[in-house]
Chemist: 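Here you go, one structure.
Because only heavy atoms are used, hydrogens play no part in the values below, and waters and symmetry mates are left out as well, while side chains stay in.
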Amino acid sequence: EGGCYAKTINLAEESEPEIFRAIRRDALLENVAVDPDSRVVDFTNTEKTENGRVSYPIDHIPNFQPESVGTHPKSIFFLTCDAFGVLPPVSKLTPEQAMYHFLSGYTAKVAGTERGVKEPEATFSACFGSPFLTLHPTRYADLLRQKLSEHGTQVYLVNTGWTGGAYGVGKRMSIKATRACINSVLDGSIASAPMRTDERFGFEVPTQLPGVPSEVLNPADAWEDKQAYAQTA
């Protein structure tokens, strides 16, 4: 589409270097605080809102694809923000599980995404984009199922929400851990990782991945209160 759109809350070069470095001439910042004297942007300032954003040309990213097209993907990521802290950071879905999660679209509204939202709220948005659908969700699900079958594409559910407890108890999944999960799929190493079948959700979850603590991969291990985890899950 010629550009990218990203949140800027707590943006730092150390954690998100490509986005940080993309903020230069021709980028557009909105809802961010600027020091009136130094004119330096403070991405940690939430006095007005947490919904700071930046739009920047796609060629501000070093490895962008000029034609903006590619082949059919080998892998698809469903991103969810689990405010209950019971989903693993990455899980491997069967085609049937992919359809279920695609149609349910479970995630959480977080502060800064909608007016009036001050803390995470669980929500279900069909196809992870209900407000933008012009047809019934099952039409899109049928098309996705057809494409997955036709091209042998594997779907992964990636949780960027909470670990070690629900919101207010646990902590947000680190960008480093999420990036390690994504990289393991892209470089193919997840294919040889040991897996377990989650007893509640039925999907496969790696028990070891480079760069991801084992207790994070198994949400129950990250909770101090095991009984609370069982009740929440």
Side-chain angles (χ1 to χ4, degrees), residues 1-83 89-90 105 107-121 123 125 127-134 153 156-162 171-188 210-212:
E1 295 181 339
C4 301
Y5 192 52
K7 295 187 70 173
T8 59
I9 180 68
N10 296 323
L11 179 65
E13 187 171 15
E14 295 75 20
S15 57
E16 298 176 272
E18 291 188 339
I19 295 176
F20 187 90
R21 295 167 191 162
I23 301 176
R24 56 181 190 269
R25 186 179 181 88
D26 294 330
L28 175 64
L29 287 163
E30 58 178 326
N31 296 338
V32 298
V34 180
D35 186 283
D37 298 320
S38 67
R39 308 302 296 168
V40 174
V41 176
D42 182 1
F43 295 119
T44 66
N45 188 316
T46 59
E47 183 179 354
K48 299 295 184 182
T49 179
E50 292 189 21
N51 198 25
R53 304 277 177 159
V54 61
S55 301
Y56 53 88
I58 198 169
D59 58 11
H60 281 199
I61 296 294
N63 62 342
F64 80 102
Q65 184 71 18
E67 296 81 9
S68 295
V69 296
T71 59
H72 290 284
K74 296 179 180 178
S75 305
I76 289 177
F77 300 103
F78 290 167
L79 298 182
T80 184
C81 177
D82 174 30
V90 62
T107 189
K109 299 177 183 178
V110 296
T113 55
E114 291 187 17
R115 181 176 297 174
V117 177
K118 301 299 183 182
E119 59 183 48
E121 301 175 4
T123 187
S125 181
C127 308
F128 297 100
S130 181
F132 309 103
L133 303 184
T134 57
T153 304
Y156 295 89
L157 181 67
V158 175
N159 172 29
T160 62
W162 272 256
K171 60 182 180 180
R172 193 72 189 266
M173 197 76 68
S174 71
I175 294 176
K176 181 179 180 181
T178 298
R179 185 175 289 127
C181 291
I182 299 296
N183 287 340
S184 72
V185 174
L186 297 181
D187 65 21
V212 187

Chemist: For T160 and R172: C-alpha separation, side-chain torsions, deciding distance, then whether side-chain contact (heavy atoms from CB on, under 4.5 Å) applies.
Modeler: CA-CA 7 Å; T160 62; R172 193 72 189 266; 3.9 Å; yes

Chemist: D82 side chain to N159 main-chain N or O, any donor-acceptor pair under 3.5 Å?
Modeler: no

Chemist: How many angstroms lie between atom CD1 of I182 and atom CG of D187, to the nearest 0.5 angstrom?
Modeler: 11.5 Å

Chemist: Looking at every non-hydrogen atom in both residues, tell me the closest pair between S125 and G129 and how far apart they are.
Modeler: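 Shortest heavy-atom contact: OG-N, 3.5 Å.
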
Chemist: Output the distance between atom CG (N10) and atom CG (D42), rounded to the nearest 0.5 Å.
Modeler: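 The CG atom of N10 sits 9.0 Å away from the CG atom of D42.
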
Chemist: Is there a donor-acceptor pair closer than 3.5 Å between any side-chain N or O of T107 and the backbone N or O of C81?
Modeler: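 Answer holds: yes.
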
Chemist: Name the orientation class of the two ring planes belonging to F20 and F43 (parallel below 30°, tilted from 30 to 60°, perpendicular beyond 60°).
Modeler: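 Judged by the thresholds at 30° and 60°, the geometry between F20 and F43 is perpendicular.
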
Chemist: Say you draw a straight line from CG of N31 to NZ of K48; how long is it, rounded to the nearest 0.5 Å?
Modeler: 11.5 Å

Chemist: Counting C-beta onward and ignoring hydrogens, is there a side-chain heavy-atom pair between W162 and M173 closer than 4.5 Å?
Modeler: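 Of all side-chain heavy-atom pairs linking M173 with W162, none is under 4.5 Å.
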
Chemist: Do the non-hydrogen side-chain atoms of S15 and S174 ever get within less than 4.5 Å of each other?
Modeler: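 Side-chain contact under 4.5 Å: no.
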
Chemist: Give the minimum heavy-atom separation between L133 and C127, together with the two atoms involved.
Modeler: CD1-SG, 4.0 Å

Chemist: Compare every heavy atom of Y156 with every heavy atom of S75, then report the nearest pair and how far apart it is.
Modeler: OG-CE1, 4.0 Å

Chemist: Please give me the minimum heavy-atom distance between P73 and T153, naming the atom from each residue.
Modeler: O-OG1, 2.8 Å

Chemist: Looking only at atom types and distance, does a side-chain atom of T8 sit under 3.5 Å from a main-chain N or O of G52, one as donor and one as acceptor?
Modeler: yes

Chemist: Within the structure provided, determine whether I19 and Y56 are in side-chain contact (heavy-atom separation under 4.5 Å).
Modeler: yes

Chemist: Quick one, I61 and R21 - any side-chain contact, counting heavy atoms below 4.5 Å?
Modeler: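 When only atoms from C-beta onward are counted, R21 and I61 do not touch, as no gap falls below 4.5 Å.
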
Chemist: Just wondering, do L29 and V34 contact through their side chains at under 4.5 Å, heavy atoms?
Modeler: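 No, side chains not in contact.
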
Chemist: Does atom CZ of R25 have more than 12 heavy-atom neighbours, drawn from other residues, nucleotides or ligands, at distances under 6.0 Å?
Modeler: no

Chemist: Can you tell me how far apart SG (C4) and CG (D59) are? Round to the nearest 0.5 Å.
Modeler: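 Here the interatomic distance stands at 9.5 Å.
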
Chemist: Taking all non-hydrogen atoms of both residues, which atom of P36 and which atom of R39 are closest, and how far apart?
Modeler: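 Looking at all heavy atoms of both residues, the shortest contact is O-CD, 3.8 Å.
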
Chemist: Measure the spacing between OG of S55 and CD1 of I23 and express it to the nearest 0.5 Å.
Modeler: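 It is 10.5 Å, given to the nearest 0.5 Å.
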
Chemist: Kindly compute the distance separating CZ (F78) from OG1 (T80), expressed to the nearest 0.5 Å.
Modeler: 11.0 Å

Chemist: Report the C-alpha separation of L11 and V41 in whole Å, then their side-chain angles, then the decisive distance to 0.1 Å, and conclude whether the side-chain contact (heavy atoms from CB on, under 4.5 Å) test is met.
Modeler: CA-CA 10 Å; L11 179 65; V41 176; over 6 Å; no

Chemist: How far apart are the closest heavy atoms of K7 and E50, and which atoms are they?
Modeler: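 Of all heavy-atom pairs spanning K7 and E50, the closest is CE-O, 4.5 Å.
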
